[in-house]
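When a ligand or atom number is given, it counts from 1 through the structure's own listing order.
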Amino acid sequence: MIELNGISRSFEGAAGVQVKALRDISLRIAEGELVCITGPSGSGKTTLMNILGCLDRPSSGAYRIAGREVRTMSADGLAWLRRRLFGFVFQSYNLLGSATARENVELPGLYAGLSRRVRKKRADSFLAQLGLADRAGHLPGELSGGEQQRVAIARSLMNGGRVILADEPTGGLDRENGEQVLQALERLAAAGRTVLIISHNPKIAARASRCIELRNGRVIGDTGRRLTRTRSPEEAIPPARKGQAMLSRVLGVVGAGWNAFRAGLTRGARLRAALLIAAILTAVCWGAVVMSIGEGTYREMIETANTMGLDTIQVMPADWRPAPTGEYGTSSNGPRNFLPLTQADARAIRDQIPNVRDVSPYVMLIPLPARRGSIATPVQVIGFVDLGAKPGRGSMGYSLEAGEFITPSEDENLERVAVLEPDIRERLFPSKIDPLGQEIFIGNIAFRVKGLYQRRHIPGMLFVAGLAAHVPFKTAKAMLTSRNEIDQIYVYVEDADLLFETVNAIRDLGIRRRGGDTLRFGHMGETIQEAKKTRAQLWLVLGATAGCVLVAGNVSVSIIMLMSVRARRREIGIRMALGARQRDIQWQFMSETLATGVIGGLLGIAVALACLPLLAWFEVPFEPAAWFFAVPFACALILSFLAAIAPARRAARLDPAQALAAD
Ligand code: ADP
Ligand code: MG
């Protein structure tokens, strides 16, 4: 079974001195032997045991176990041997403190891929064999030393335990408990297992089939083989189907990570864990909310652009202000010193600029006196024909409540018709008469009311004055003002995608006709660009802050987990001794670290969903979409995955023997 040939093991001591723990040991141990290893402290017993149990490798020499050469095996290959062949019993029991007796016994089965059900069944039967049936649900801290050691023996049998290695198993026990433990080990040997016990107890030496004495790393006495084997080893462990074994293992390992995470929550580290989760929660929530607000703002601006008309360009002199009408009233606007637009300009734009469908000149006359019967009130008259109007809906946010828009033919025929905004209509028609078709006076000219506007709603604009009356441009020009110039020109384009090109062409034309760049343009192309820019800025700036919080949170998680790996070396060593592969340990720590990210991320989404409706309260526009939650959550996951790598690797790469020796 076991064949050592010239095994040596030396350690790099402090100050570079080589400590030779084992020197040139050659041994053969057959299956079914009960071997007692004795020797003074420091003679190399534990080192030998570690090498036998594949927790450590010899510095030189050859070791064959069950016909396999150990020297060339990988770390996971050694883990496989530990899982399949060995059961360990330590002086200090080495049970996981946060797991019950049954869970401790189940542990090797987890790494062997046994299903939950099989693990539990086997664990219960071994516990019963060792007289611990009623202790299965207890934590190690609730058990006596002898009971804990018997739990450890039950654990060593979980995967078959063909070779039981017991390092001073009775060292910490009183005589009676020690005796129980010894008898248990003897029974295992009698059942055909190979049992190696390190002990100073002469009684064991007397009862063992063979006694090996070590001193200064050498074998100085060996009573030789006295094989007392009577029976062949009992049942092999039930083979698990491969996929199923994998699944059980992964579930078990991830479960171990999750348990460790939960244990972390309930221990002193609760506040720390809460803070880390809060950091990730904040970042994810913040990210989702910011993206929603960015999109909401964008949508609102696009909506504005749509109500104003995407194919409309407003052209006006750079310093344009409403004109004091002079003839009809007073104005505090003061003198206007800019070069006004003329109708010739409007015609030139229509005739010379490509992509222009039509133009519409625009005058604004404020204020003029309006009158109906005995009611008199000032009115803001706009002479304009909205050529961009669609049925029921004008450009610039106008829509009709009743009646019709002013038509080009009314303009052509200088008809005296008016469409009223809500405020002026209320002033002129305070009683319930229907204003449509009624006559009002602007200045001294009678106009027929042919339409009523709804109150304009322009998103993002809090208050839109409603004191204007729209009349045909030419009517206004002919009857209401003696001014020659016009205030603005509305240009309607064929292809809205070429808005900017058209604006530039009009600007060039303006420079030529007016001798300088003195025109100002209003159009929604800018709004849309602005909207995209605003959204991008929001996403970038605020998203970056969320990212920073996320990174900082995960760096903290990583640091804390690295410290935790250091503090939990013993636990890692135990798991490795029980057959955990490096990957198992890695996944366990990965899932433990990732738990912070997953919980923080999920809570972040929940809080964001709860908070978004509150934004409406503050009139902040928002527009959630699934990926606004998915992206921050994914970022949280990816970052916590990255944060998990270093601690998990460090844990997986610990040397089993050294990890076990850690305090
Ligand atoms: P025993 O178990 O018989 O008391 P050990 O096998 O633990 O003895 O130790 C044998 C010798 O090897 C001791 O001198 C000890 O100091 C040394 N030794 C064991 N492990 C290490 C190690 N990891 N690094 C350095 N020296 C070690
Ligand atoms: Mg020792």
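Using a 30° and 60° split on the angle between ring planes, F88 and F86 fall in the tilted class, from 30° to 60°.
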**OP:** Would you check, one step at a time, whether the test salt bridge (charged side-chain N to carboxylate O under 4.0 Å, His left out) holds for R102 with D124?
**Re:** CA-CA 7 Å; R102 180 190 293 122; D124 282 342; 2.8 Å; yes
**OP:** Please report the C-alpha distance between S26 and L4 in whole Å, then the side-chain angles of each, then the deciding distance to 0.1 Å, and finally whether the side-chain contact (heavy atoms from CB on, under 4.5 Å) criterion is met.
**Re:** CA-CA 5 Å; S26 298; L4 298 179; 5.6 Å; no
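Residues forming a side-chain hydrogen bond (donor to acceptor under 3.5 Å, both in side chains) with E592 (at least two apart in sequence, or on another chain): R568. Judged as a side-chain contact (heavy atoms from CB on, under 4.5 Å), and not counting sequence neighbours, the contacts of A648 are Q586, F589, M590.
Side-chain atoms of R57 come within 3.5 Å of backbone atoms of M73 as a donor-acceptor pair (strictly under, hydrogens ignored).
Of the inter-residue distances, the one linking L214 atom CG with T38 atom OG1 reads 7.5 Å to the nearest 0.5 angstrom. Atom CG of L48 and atom CD1 of I198 lie 7.0 Å apart (nearest 0.5 Å).
Note on the Mg ion (ligand 2): protein N, O or S atoms under 2.8 Å away count 1, no waters included.
Of the residues E106, K121, M158, the one that meets the side chain to side chain contact (heavy atoms under 4.5 Å, CB included) test with L114 is M158.
The residues lining ligand 1, counting any heavy atom closer than 4.0 Å, are F11, A21, P40, S41, G42, S43, G44, K45, T46, T47.
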